[in-house]
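Atoms considered below: every heavy atom in the structure, side chains included; atoms not considered: hydrogens, waters and symmetry mates. Residue indices begin at 1 and follow the sequence shown.
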Amino acid sequence: MKFFEILSSIFMLSCSILGIICSLLLISVMITARRHCTPIVLISLNTAVAGFIINTIYASQAIYQMISDSSDVLCIFRGFLLHTSTGLFYHTLCIQAIYRLFVTVFAQRRNLQSNYTIIPIVVIQWIISSSFGIPILLTRRIRFYAEGRICQVSINNIFGFMYLGTFIYFLPLSIIIYIYITILNYTKRNITIPGVRQRMIAQTRHRRELRITRRILILVFILFITGFPYAVFFLQANVYRSSLLPYGHRISFMFIAFGQALSMLSTLVRTYGTKCTLLKTLS
């Protein structure tokens, strides 16, 4: 096995282990701290469960790449899980952005910020996330690639790649960017309010909205860095008609694994109550 193959597999495994640890910590805090059963905790738990699933799948893929150089009977199904779990994780980030839209632009509509609204949205998200990859699996578009020791849809398969790219990457990214622009415009329109007391309240709300905006920008940044290599290799193979780099698949999944670990670490740090609970537990 070449040096880069070993290095990339170890990097993917390390990122996946970090993501698993962060997701398990977040899940344990959410389960034990029952008093914090709020919508924001619910969507954070949603991301944590998805993070645990995707990082476990990516860790198993990294281990498989290190111990085997051929396809096995589970390779196609493992490729299906890689695509589906990636979409699942990105969709939970999209749900986080939607909730932040509710608490900012629609702050007066309390029903949108309740569990009675968030739970059905999460259920619909899981149905979509778990089923969008089935047509790709049934049409046998997932193949084994010896150079990457991985089963996935080929970048040269324009329909399969664009179908997955739309559900996994472009759709969540478009929704998050639209929500960011909406919150930004809403903040600009409501920044000047007459009256001292009203101005203080507005400034407090403005600071909260800026925090929300920064968090949405973090989601956009994570989605961008994880999908950028795939976009470059797709353009290279289909627009410029040049051959794909030998380790293009590995490089793409290295970025995705890094983004997942970064997302889970960010979610763990930014979720209300987790830092205090962890410090109390460790002290």
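With values rounded to the nearest 0.5 angstrom, M162 atom CE is found 12.5 Å from F167 atom CZ. In this structure, CD1 in I256 is found 5.0 Å from OH in Y90, a value given to the nearest 0.5 Å. With rounding to the nearest 0.5 angstrom, the CZ atom of F159 is 5.5 Å from the CZ atom of R141. One distance of note links CG of N55 with OG of S263; it measures 9.0 Å at 0.5 Å rounding.
Judged by distance alone, with hydrogens and angles left aside, the side-chain atoms of T92 form a donor-acceptor pair with the main-chain N or O of F89 at under 3.5 Å. With T84 contributing its side chain and G133 its backbone, the two residues share no donor-acceptor pair below 3.5 Å. A side-chain donor-acceptor contact under 3.5 Å links S85 to the backbone of L82. Looking at Q113, its side chain does come within 3.5 Å of a backbone N or O of F106 through a donor-acceptor pair. With hydrogens and angles ignored, the 3.5 Å screen pairs a side-chain donor or acceptor of S16 with a backbone N or O of M12.
Linking ILVMFWY residues whenever their side-chain heavy atoms come closer than 4.5 Å, directly or via other members, leaves L18 and I57 in distinct clusters. Hydrophobic cluster membership differs between F144 and L81, with clusters built from Ile, Leu, Val, Met, Phe, Trp and Tyr side chains linked at under 4.5 angstrom.
Looking at every heavy atom in both residues, I179 comes nearest to A97 through CG2-O, 3.5 Å. What you find for T166 and P172 is that their closest heavy atoms are O-CD, 4.0 Å. M264 and G19 get closest at one heavy-atom pair: CG-O, 3.9 Å. Nearest heavy-atom pair across H83 and I142 is CD2-CD1, 4.3 Å. Nearest heavy atom pair, residue A257 against residue C15, reads O-CB, 3.5 Å.
Within a 6.0 Å sphere centred on CZ of F11, other residues, nucleotides and ligands contribute more than 12 heavy atoms. Other residues, nucleotides and ligands contribute at most 12 non-hydrogen atoms within 6.0 Å of the CZ atom of F258.
The closest side-chain heavy-atom distance from F80 to I134 is below 4.5 Å. The shortest side-chain heavy-atom distance between N111 and Y116 does not fall under the 4.5 Å cut-off.
A donor-acceptor contact under 3.5 angstrom links the side chains of Y58 and T86, judged on distance only.
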Side-chain donor/acceptor pairs under 3.5 Å, residues 124-132, sequence neighbours excluded:
| from | atom 1 | to | atom 2 | distance (Å) |
| --- | --- | --- | --- | --- |
| Q125 | OE1 | N46 | ND2 | 2.8 |
| Q125 | NE2 | S129 | OG | 3.3 |
| W126 | NE1 | N46 | OD1 | 2.5 |
| S129 | OG | H91 | ND1 | 2.6 |
| S129 | OG | Q125 | O | 2.7 |
| S130 | OG | W126 | O | 2.7 |
| S130 | OG | I127 | O | 3.3 |
| S131 | OG | I127 | O | 2.7 |

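Note that R78 lies in the cation-pi zone of Y64, set by a 6.0 Å cut-off to the ring centre and a 45° limit from the axis.
For residues 111-129, no residue pair satisfies the salt bridge (Lys or Arg N to Asp or Glu O under 4.0 Å) rule, not counting sequence neighbours.
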